[in-house]
2 protein chains.
Amino acid sequence: MSKRIRQEDIAKELGLSINTVSLALKNSSRINEETRSKVQQVAKALNYIPNSIARSLVQKKTDVIGFILPKMTNPVQIETAQQMERKLLTSGYNMMLMTTDSDKNYESQALDILLSRQVDGIFLFPTNKHNQDKIKSIRSAGIPLVLLSGGRYKPSSDAVYMNQFSGAYQATEHLAKLGYREIGFITGGAANVEKFDGYQAVLRDRQLEFREELVARVSHFSYEQGYKAASKLMANGPVRAVLASSDYLALGALRWCRERGLRVPEDVALIGFDDLEAAEYAEVPLTSVTYKGEELTTKAVSLMFRLIEEQERMTSKEPECIEINPTLSIRKSCGAI
Amino acid sequence: MSKRIRQEDIAKELGLSINTVSLALKNSSRINEETRSKVQQVAKALNYIPNSIARSLVQKKTDVIGFILPKMTNPVQIETAQQMERKLLTSGYNMMLMTTDSDKNYESQALDILLSRQVDGIFLFPTNKHNQDKIKSIRSAGIPLVLLSGGRYKPSSDAVYMNQFSGAYQATEHLAKLGYREIGFITGGAANVEKFDGYQAVLRDRQLEFREELVARVSHFSYEQGYKAASKLMANGPVRAVLASSDYLALGALRWCRERGLRVPEDVALIGFDDLEAAEYAEVPLTSVTYKGEELTTKAVSLMFRLIEEQERMTSKEPECIEINPTLSIRKSCGAI
DNA sequence: TTGTAAGCGTTATCAC
DNA sequence: GTGATAACGCTTACAA
């Protein structure tokens, strides 16, 4: 293993000081044109790779942004991460990705690790609200922390998120308008309070009865869980309309219906969340709640950059919340077409 | 923004030297039990967070592993990343994730960035074989680089991968055994040479004619591309059997068939790759090539750790290749059931 | 058991 | 324009 080349090696090679090399490498105008190009030439020849760890130490800046999410297998969240990664890269930042498996302690651990690694900022898809204190203390320590969820409760830090309440409201409302008075709901539990609230709000606003047996709770978003939820929900005969808090859940339910000979949408109307490609291509194209992912990631990244710039002023201000409004992508499964 | 606490702050607080604090924090037995606990108490009280950048600089080790893949939205690859992230974390490593968008130059840039960040190792899902020289030079510089693809060509670095040739061979063979003599193939292009080879090998072995019009090439793995590929493939009447190099492609083709009134598997037999949950839950459950993801990630991670330990010996050895063998998950879509 | 001093590879400050 | 020198926060000899 050939030892790594340092600026010192280049300096020795040319009989210059380390300082000159350092400046020349960043094209400082303070260094003579000729010296500059000589330095850069030798750097290339020796295959010099700058050590960004050393750089980070002195500059107190790593150009790394942490990104915490429950599971990389969640298509919406990983798509968000993907878009942000490219946007951050454009500005010279890289991303450290960590998952929590929806576990409060893992989330806390992930935050600690990222802080220890001196990241310049953190994006967090929180698993629940249990780490609020830690989140607040990170914010008040001046580390930009942007939450990727939020809603009607007071946010513990700056946040950019899709308004899930509104999404669920619109979807439920849509079903109600189509005449359904009995609407089932498949929910992912604690992480879906907002959606659940939206669903209930419609029931209240339209004075429809809320019935616990119309709610199925699942542990995570998968076809399998949706299938099981449907079987539970429809144990005593079909529920004529169902809102699922993810497309996968809806598609699992769709399969259950198919196997029982229930037609969608004739016998059961179905709406999902996230508008995945799978929704569009399903055997019965799925109506789904959707939003502009690009808009969210663009706003999230620019909020992050602003926070990084204003680091000290940030702490004193109220957390900033940016909401993205969803719309309904109407297809065949809800029976409106 | 409250200044960050350093070991020096703890030392001053207790009238100790920085060194003592450093040792006490890592529970060194050289430090008096009492001092140790006092130090740790104060550390906790001041909310001390170790600066791992400084640590990395002196130890010449970052405990960060780079992970490069084309797109985070590829479910197989991101699942691999997810599993590895958790395994690495168990051993104190974190992951820096970068994407290449299947672009040679982005891949090269990502490698440079990771090297500059002094990562202890790199996992790479290569986009193609164009960066082979760079890959070789990284290996010979003693940086562990584990490729997550490979096959019948000589690998430029250590590698752990699913044997795609064998997967395609098994799938094609399966269709051939069912009596199909005209088998279509939907391929993702350069990234799928191995699969394509496997497909062709069966044709050769069984003396079936290879026909270019039975091959559809797509730009990426999506339902939409599969849909288009099917329409191209079947422009002059249905092809009775089709192997797609991803489940998404197969499911897109499935939709095309449904829309034209072609039944699967009666009119068209279909096989996909990757055995995603979507394959199992499709309207016609999809036969698919599958493999043990856990086995692959476990082997990849332990190979990485071994390479990190043997760093200097590594360079001289031949690259190590670990192949995982796929199997066929047979469901309704191929007509064998 | 604890302290002193050197060093990791950069950047930043200030002379010359 | 270029070069000393200090600093970043930690670890690791080695000394006391």
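Chain naming here is simple, since letters A, B, ... match the order of the sequence lines and numbering starts at 1 in each.
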Q | Donor-acceptor pair, side chain of B/Gln311 and main chain of B/Gly142, under 3.5 angstrom | A |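 Between the backbone of B/Gly142 and the side chain of B/Gln311 there is a qualifying donor-acceptor contact (under 3.5 Å).
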Q.
Please check: side-chain N/O of A/Thr100 versus main-chain N/O of A/Ser102, any donor-acceptor pairing under 3.5 Å?
A.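 Indeed, once roles are kept as given, a pair shorter than 3.5 Å links the two residues.
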Q: Please step through side-chain hydrogen bond (donor to acceptor under 3.5 Å, both in side chains) for the pair A/Ser137 and A/Ser140, ending with a clear verdict.
A: CA-CA 5 Å; A/Ser137 86; A/Ser140 61; 5.5 Å; no
Please give, in whole Å, the distance from [N] [atom2] to [X] [atom1]?
X: A/Lys3; N: C/dC8; atom1: NZ; atom2: C1'; answer: 12 Å
X: B/Arg6; N: D/dA7; atom1: CZ; atom2: P; answer: 12 Å
X: B/Glu8; N: D/dA7; atom1: CD; atom2: P; answer: 11 Å
X: A/Leu57; N: D/dC8; atom1: CG; atom2: C1'; answer: 4 Å
X: B/Ile5; N: D/dC10; atom1: CD1; atom2: P; answer: 10 Å
X: B/Leu23; N: D/dA13; atom1: CG; atom2: C1'; answer: 11 Å
X: A/Leu14; N: D/dT2; atom1: CG; atom2: P; answer: 11 Å
X: B/Ile18; N: D/dA7; atom1: CD1; atom2: C1'; answer: 13 Å

Q. Counting only heavy atoms not in A/Lys44, do more than 12 fall under 6.0 Å of its NZ?
A.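 12 or below, so no.
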Q | Any residue of residues 29-46 of chain A with a heavy atom less than 4.0 Å from an atom of DNA chain C | A |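 When residues 29-46 of chain A is checked for heavy atoms under 4.0 Å from DNA chain C, the hits, listed by number, are A/Arg30.
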Q) Of all heavy-atom pairs between B/Arg117 and A/Gly92, which one has the smallest distance, and what is that distance? A)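 Result for this residue pair: NH2-O, 4.3 Å.
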Q) Within the modelled atom types, does a donor on one side and an acceptor on the other bring the side chain of A/Asn19 and the base of C/dT13 under 3.5 Å apart? A)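 Side chain to base: pair present.
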(Q) By the salt bridge (charged side-chain N to carboxylate O under 4.0 Å, His left out) test, which pairs, at least two apart or in different chains, include something from residues 9-18 of chain B? (A)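 Found B/Arg6-B/Asp9, B/Glu8-B/Lys12.
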The side chain of [X] lies closest to which of these nucleotides: [options]?
X: A/Asn51; options: C/dC8, C/dT10, C/dT2; result: C/dT10
X: A/Lys26; options: C/dT2, D/dG9, C/dT11; result: C/dT11
X: B/Gln59; options: D/dT11, C/dT11, C/dT2; result: D/dT11

Indicate whether OP1 or OP2 belonging to [N] is found under 4.0 Å from a side-chain N or O atom of [X].
X: B/Lys60; N: C/dG9; answer: yes
X: A/Ser22; N: C/dT11; answer: yes
X: B/Thr20; N: C/dT2; answer: no
X: A/Tyr48; N: C/dT10; answer: yes
X: A/Gln7; N: C/dT11; answer: yes

Q: Assign A/Ile53 to base, sugar-phosphate, or nothing according to its heavy-atom contacts below 4.0 angstrom with the strands shown.
A: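 Answer is nothing: A/Ile53 stays at 4.0 Å or more from every strand.
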Q.
So that I can tick it off, tell me whether B/Asp101 and A/Arg86 are bridged by a salt bridge, with the cut-off set at under 4.0 angstrom between side-chain N and carboxylate O.
A.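 So A/Arg86 does not pair with B/Asp101 through a salt bridge.
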Q) If we only count heavy atoms from C-beta on, is the A/Met72 to A/Leu97 side-chain gap below 4.5 Å? A)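 A side-chain contact exists here, since the closest heavy-atom pair is under 4.5 Å.
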